[in-house]
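The structure appears right after this line, and notes come after that.
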There are 2 protein chains.
Amino acid sequence: MTTLVKDMSSKLARSAFDLFARHGINNVNMDMIAAHSNCTKGSLYWHYDTKKTVILAACDLYYRNWEEQMRHELANVKDPVKRLKKAVHFSIRHCMVDSKNRVFTLGIMGLALYDEDIKKSWAGFYDMVREFLIVLVNEAKKTGRVKVEDARRVVDLMLVAFEGIKLRTIIEPDFDISAEEKAIYNGLMEVLKCSE
Amino acid sequence: MTTLVKDMSSKLARSAFDLFARHGINNVNMDMIAAHSNCTKGSLYWHYDTKKTVILAACDLYYRNWEEQMRHELANVKDPVKRLKKAVHFSIRHCMVDSKNRVFTLGIMGLALYDEDIKKSWAGFYDMVREFLIVLVNEAKKTGRVKVEDARRVVDLMLVAFEGIKLRTIIEPDFDISAEEKAIYNGLMEVLKCSE
DNA sequence: CCTTTACCATACCAAGCAGTATGGTGTCAC
DNA sequence: GTGACACCATACTGCTTGGTATGGTAAAGG
């Protein structure tokens with residue numbers, strides 16, 4: 001029986017993202033995505049040419065979600081130093097502590113090793129995040145309360161440490177990332193030359 | 001025609017490592033490994049039960065190689081601060097700048113996402129490296145020339161930044177890691193509170 | 001000398017899964 | 001009312017690749 005759904009593409013992408021984030025991208029097949037979306041594999045292929053296009057749609061969903069929530073976090077924050085701190089806090093909570101987002105993005109990194117399109121997709125998001133944080137660091141620097149010579153350099157270092165901490169959760173199951181949130185925040189802020 | 005080889009297991013592991021390091025682990029199949037080793041797939045399976053056991057053997061080879069070369073690097077270095085510096089320098093050259101080792105270990109990280117045995121193998125190596133560096137930092141601290149409160153904390157941060165920099169090479173093809181070697185070294189030494 | 005090990009050449013299997021086919025119905029827009 | 005779109009149920013294909021089978025020979029060890 002036909003079930004017409006408005007914005008079916010988005011619904012499928014969201015459904016796919018949920019499964020990818022819960023089980024790991026490589027443990028999810030197209031049959032599972034169709035079943036989880038309450039439609040048939042034929043319908044899924046009506047909207048998406050390949051599994052890769054589904055993965056890329058899930059990526060876009062993730063990027064959009066990050067932007068939207070980051071904008072919301074900083075909406076009523078005027079002070080540049082506070083904005084920077086809140087941005088880092090949010091990133092830790094959203095991309096690291098949130099296990100679904102963490103599992104998804106680690107899976108994307110794994111795929112980026114072998115697939116050019118997925119690599120470019122992630123690189124685009126990574127660049128966007130970096131430029132965004134560089135702007136925040138430069139604004140904080142203008143206040144005189146943050147002593148940073150090269151905003152780009154400290155943001156780069158902070159971001160690689162950030163991704164490295166996510167990797168660490170793969171190999172250390174006992175690494176309680178929620179409990180370590182404050183220590184992680186302090187470590188990353190120190191890298192940004194912005195410690196209390 | 002039979003070709004008997006001494007220490008065939010090691011030869012196969014080394015051959016496999018070479019292919020994994022050159023093409024990426026997921027792009028290498030058992031037929032390729034047999035061909036590259038100048039033997040048949042039947043022979044390969046005589047020595048190794050599964051592809052996974054081949055990968056784990058290649059890991060052990062990598063770990064052994066790291067230990068051996070690190071020991072060699074520090075053989076005639078007595079000064080604790082010099083030993084720490086040399087260790088970090090060597091790690092950058094061996095695990096990051098060396099593209100084969102970098103490709104191999106990134107591939108292992110990708111597999112560790114989904115396979116418990118590979119995860120444990122890598123975790124074991126990671127722990128060994130960490131404990132080793134903590135000892136070096138503590139010895140350097142004793143000289144009074146390195147101001148570190150918590151050796152474990154700074155080594156952890158340095159290691160996650162290290163792994164994060166490797167990830168960055170996946171998404172930034174123009175990131176010339178050899179050219180950046182000095183900047184990377186300086187950044188990591190700063191994290192270790194050991195900058196010049 | 002006999003048994004076991006260590007290989008060989010070659011074919012084969014299985015299994016999973018991405019992706020396609022097909023004949024259909026319901027919905028929507030004009 | 002008609003054509004295009006958006007789905008359906010179900011079967012099917014292809015294909016890659018890990019892993020196995022089989023009957024063999026050469027080398028090694030006792």
Side-chain angles (χ1 to χ4, degrees), chain A residues 1-20 22-59 107-108 110-118 121, chain B residues 1-20 22-59 107-108 110-118 121:
Chain A
M1 196 262 284
T2 310
T3 53
L4 286 185
V5 174
K6 288 175 73 177
D7 216 357
M8 188 60 165
S9 300
S10 296
K11 179 178 180 261
L12 291 167
R14 197 168 301 121
S15 188
F17 175 86
D18 273 353
L19 287 177
F20 291 149
R22 222 188 295 155
H23 303 287
I25 299 177
N26 285 1
N27 295 328
V28 174
N29 63 38
M30 295 294 265
D31 280 292
M32 291 166 74
I33 297 169
H36 192 259
S37 311
N38 290 321
C39 74
T40 64
K41 199 158 71 170
S43 290
L44 182 51
Y45 276 98
W46 167 265
H47 289 278
Y48 294 98
D49 289 335
T50 61
K51 184 179 182 184
K52 182 163 82 170
T53 57
V54 176
I55 293 170
L56 290 170
C59 284
I108 290 300
L111 293 176
L113 277 167
Y114 302 100
D115 188 275
E116 211 52 38
D117 294 320
I118 293 173
S121 171
Chain B
M1 196 261 283
T2 312
T3 53
L4 289 185
V5 175
K6 289 176 72 177
D7 216 358
M8 188 60 166
S9 300
S10 296
K11 178 178 179 261
L12 291 167
R14 196 169 301 118
S15 187
F17 176 87
D18 273 353
L19 287 177
F20 291 148
R22 221 186 298 155
H23 304 288
I25 299 176
N26 285 359
N27 295 329
V28 174
N29 62 37
M30 295 295 265
D31 280 291
M32 290 165 75
I33 297 169
H36 193 258
S37 311
N38 290 322
C39 74
T40 65
K41 201 159 72 171
S43 290
L44 181 52
Y45 277 98
W46 167 267
H47 289 277
Y48 294 96
D49 289 337
T50 61
K51 185 179 182 184
K52 182 163 79 174
T53 57
V54 175
I55 293 170
L56 289 170
C59 283
I108 290 301
L111 293 176
L113 278 167
Y114 302 100
D115 188 277
E116 211 52 38
D117 294 320
I118 293 174
S121 171

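Throughout, a chain's letter reflects where its sequence line sits, starting with A, and its residues are numbered from 1.
Listed nucleotides C:dA18, D:dC7, D:dG19 differ in distance to B:Thr50; the shortest reach to its side chain belongs to D:dG19. Comparing atom distances between the A:Trp46 side chain and each of C:dC8, D:dA6, C:dG19 picks out D:dA6 as nearest. Of all nucleotides listed (C:dG19, D:dC8, D:dT17), D:dT17 comes nearest to the side chain of B:Asn29.
Rounded to an integer number of Å, the gap from CE of B:Met32 to P of D:dT16 is 14 Å. Between the P atom of C:dT27 and the CE atom of A:Met8 lies a distance of 15 Å, rounded to the nearest Å. Atom CE of B:Met30 and atom P of C:dC13 are 21 Å apart (whole Å). Between the CG atom of A:Asp7 and the C1' atom of D:dC7 there is a distance of 16 Å, given to the nearest Å. Atom CG of B:Leu12 is separated from atom P of C:dC7 by 8 Å (rounded to the nearest Å). Atom pair B:Tyr48:OH and D:dG18:C1' shows a separation of 17 Å (rounding to whole Å applied). Across the protein-nucleic acid pair, B:Asp115 atom CG and D:dG18 atom P stand 14 Å apart, rounded to whole Å. Atom pair B:Ile33:CD1 and D:dG18:P shows a separation of 8 Å (rounding to whole Å applied).
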Original post:
Could you go step by step and tell me if B:Ser37 and B:Leu44 meet the side-chain contact (heavy atoms from CB on, under 4.5 Å) rule?
Top reply: CA-CA 9 Å; B:Ser37 311; B:Leu44 181 52; 5.8 Å; no
**OP:** Kindly indicate, with the supporting measurements, whether the criterion side-chain contact (heavy atoms from CB on, under 4.5 Å) is fulfilled by A:Met30 and A:Val54.
**Re:** CA-CA 9 Å; A:Met30 295 294 265; A:Val54 176; 3.9 Å; yes
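Shortest non-hydrogen contact noted between B:Thr53 and B:Asp49 is OG1-N, 3.5 Å. Across all non-hydrogen atoms, the minimal contact from B:Tyr45 to B:Thr50 is CE2-CA, 4.3 Å.
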Report all interatomic pairs (protein N or O, nucleotide N or O of nucleotides 20-23 of chain D) with separations under 3.5 Å.
none

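The side chain of A:Thr40 places an N or O atom within less than 4.0 Å of a non-bridging phosphate oxygen (OP1 or OP2) of D:dC8.
Here A:Ile108 contributes atom CD1 and A:Leu56 contributes atom CG; the two are 7.5 Å apart, rounded to the nearest 0.5 Å.
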